[in-house]
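Inspection log for the structure reproduced underneath, given as structure tokens.
Note that the numbering runs from 1 along the sequence shown for the chain.
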Amino acid sequence: MKIKTVDSCSLVDVMTVWNEGFSDYFVPVNMDIESFLNRMEKEDIDASSSFVVEEDGELQGILLNAFYENNGEMLAWNGGTAVHPNARRKGIGRLLLQRTIEEYQARGVERASLEAIKENTGAIRLYEEFGYKIIDELISFKGHVDKKGTIDVEFIQPESLSNLAIYKGDVPWQCRIESNISAQAAVFYDQSQNPIGYALFKQIGDEAKKINIFQLEITNSVTQDEFLAMLSSITDGGSFNTVNMPISSNAAKYLLELKTDEVIRQVWMVKNMVE
């Protein structure tokens with residue numbers, strides 16, 4: 001078996017091993033070349049530091065890596081690991097992870113993260129062998145809120161969110177501001193004009209109002225009615241999906257209490273490269 005970088009392979013071969021590797025996955029992640037290239041750009045995935053395993057001239061496994069420097073800290077993200085169904089239980093996943101850890105060390109990565117479907121216990125055990133630890137669970141919700149209640153809201157540029165004293169910058173990779181440059185942002189205020197929450201979101205399509213919510217944070221003081229007013233102010237009485245919302249967040253607790261539909265639940269895993 002031979003390890004190669006993604007950028008040394010043809011896009012057709014890369015797409016084939018990606019789609020075949022995820023063909024029996026828990027959720028559909030099939031991509032064509034255009035969507036794959038768009039994802040590479042959006043998520044800062046580095047083809048020269050992402051790897052495939054080749055055996056007998058055929059690609060049998062793939063692992064995508066993304067890198068980002070935040071406040072002087074070099075971060076890395078595993079953007080997907082897949083092994084062809086016919087090549088499993090041959091140590092290919094372990095080989096890809098070992099090569100990836102070596103790459104992280106060479107690039108001075110201080111913290112690496114990934115997400116894994118909660119039911120994918122085999123993969124989680126493998127990640128734990130390489131030093132990853134579960135720090136939270138991530139839920140994708142799907143819901144609808146009637147337009148009701150009012151709350152003071154200010155719509156701002158997404159990059160301005162980080163100036164808020166209540167802003168939490170440690171979010172799952174796909175929820176970063178940098179991964180959602182065309183998104184909108186909103187800040188919510190109490191009657192004394194103190195910020196009590198914020199959201200990063202994007203409308204889906206051009207027809208009926210429906211949004212993806214990438215970040216939704218609220219302070220401990222927010223009531224359920226205020227929370228619903230926040231949702232209605234950004235959905236305009238439409239539907240919403242949340243992306244990788246940490247279960248530890250106050251927003252997730254309210255959504256669980258409201259019995260909002262869960263689409264999928266993942267674990268959020270982090271490996272500290274600097275001990």
Side-chain angles (χ1 to χ4, degrees), residues 43 68 70-71 73 75 77 111 113 115 134-145 147-204 210-236 238-270:
E43 305 296 352
Y68 169 64
N70 183 39
N71 294 326
E73 182 183 31
L75 308 175
W77 176 62
R111 189 157 49 99
S113 67
E115 301 88 41
I134 296 173
I135 63 168
D136 211 335
E137 291 187 9
L138 304 171
I139 306 178
S140 292
F141 291 101
K142 177 177 69 175
H144 177 92
V145 58
K147 188 169 177 57
K148 58 182 179 180
T150 58
I151 193 165
D152 287 337
V153 57
E154 177 187 13
F155 294 95
I156 64 173
Q157 293 298 314
E159 56 268 23
S160 297
L161 282 175
S162 59
N163 296 326
L164 292 172
I166 63 171
Y167 184 70
K168 296 182 179 179
D170 194 11
V171 298
W173 195 271
Q174 292 170 306
C175 299
R176 300 177 307 150
I177 295 171
E178 293 77 12
S179 293
N180 300 285
I181 56 175
S182 61
Q184 298 173 266
V187 183
F188 309 103
Y189 297 91
D190 62 17
Q191 293 181 347
S192 300
Q193 291 302 296
N194 298 308
I196 56 173
Y198 61 86
L200 180 70
F201 61 97
K202 182 178 180 180
Q203 184 170 341
I204 306 170
K210 186 175 183 180
I211 65 171
N212 278 341
I213 301 175
F214 304 104
Q215 296 184 36
L216 181 57
E217 287 290 344
I218 58 175
T219 63
N220 293 329
S221 65
V222 171
T223 66
Q224 189 176 100
D225 285 343
E226 288 173 326
F227 177 70
L228 289 171
M230 292 177 183
L231 280 177
S232 67
S233 71
I234 59 175
T235 64
D236 196 26
S239 301
F240 66 87
N241 299 318
T242 71
V243 179
N244 288 349
M245 178 176 284
I247 195 174
S248 60
S249 69
N250 292 323
K253 292 171 186 175
Y254 271 140
L255 289 172
L256 288 168
E257 289 177 9
L258 293 165
K259 301 189 184 304
T260 311
D261 292 338
E262 281 190 41
V263 177
I264 196 166
R265 191 178 288 219
Q266 300 187 91
V267 292
W268 186 11
M269 305 186 76
V270 169

Per the side chain to side chain donor-acceptor pair (under 3.5 Å) rule, which among Gln215, Gln266, Glu137 passes with Asn244? Gln266

How far apart are the closest heavy atoms of Val222 and Tyr254, and which atoms are they? O-OH, 2.8 Å

Do Glu262 and Leu255 have side chains that get closer than 4.5 Å, going by heavy atoms? no

Side-chain contact test, heavy atoms from C-beta onward, threshold under 4.5 Å: evaluate it for Lys142 versus Thr260 and give yes or no. no

To the nearest 0.5 Å, what is the distance between CD (Glu178) and CG (Asn70)? 7.0 Å

Minimum heavy-atom distance Pro195-Val187, with the two atoms named: CB-CG1, 4.0 Å

For a 4.5 angstrom cut-off between non-hydrogen side-chain atoms, does Glu43 reach Trp77? yes

Heavy-atom side-chain proximity of Thr223 to Glu226 below 4.5 angstrom: yes

Stepwise side-chain contact (heavy atoms from CB on, under 4.5 Å) test for Val171 and Phe214: CA-CA 9 Å; Val171 298; Phe214 304 104; over 6 Å; no

Euclidean distance, Asp236 CG relative to Lys210 NZ, rounded to 0.5 Å: 16.0 Å

side-chain contact (heavy atoms from CB on, under 4.5 Å) between Ile204 and Asn241: does it pass, once the steps are laid out? CA-CA 10 Å; Ile204 306 170; Asn241 299 318; 3.9 Å; yes

After noting the C-alpha distance and the side-chain angles of Val263 and Thr242, does the key distance pass the side-chain contact (heavy atoms from CB on, under 4.5 Å) rule? CA-CA 9 Å; Val263 177; Thr242 71; over 6 Å; no

Quick one, Asp152 and Gln193 - any side-chain contact, counting heavy atoms below 4.5 Å? yes

Test ring-ring contact (aromatic ring centres under 6.0 Å, His included) on Tyr167 and Tyr198 and set out the steps. CA-CA 8 Å; Tyr167 184 70; Tyr198 61 86; 5.2 Å; yes

Are Glu217 and Ile166 side-chain neighbours, meaning at least one heavy-atom pair lies under 4.5 Å? no

Measuring only between side-chain heavy atoms, which start at C-beta, is Ile213 closer than 4.5 Å to Val243? no

Is it true that, when you exclude Asn71 itself, more than 12 heavy atoms of the residues, nucleotides or ligands shown sit nearer than 6.0 Å to its CG? no

Please walk me through it: do Arg111 and Val270 pass side-chain contact (heavy atoms from CB on, under 4.5 Å)? CA-CA 7 Å; Arg111 189 157 49 99; Val270 169; 3.5 Å; yes

More than 12 heavy atoms of other residues, nucleotides or ligands under 6.0 Å from CD of Gln191: yes or no? no

Any non-hydrogen side-chain atom of Pro246 less than 4.5 Å from a side-chain atom of Trp268? yes

Interatomic spacing from CD in Gln174 to CZ in Arg176 - rounded to 0.5 Å: 9.5 Å

Spatial distance of atom CG (Leu228) from atom CG (Leu258) [nearest 0.5 Å]: 5.5 Å

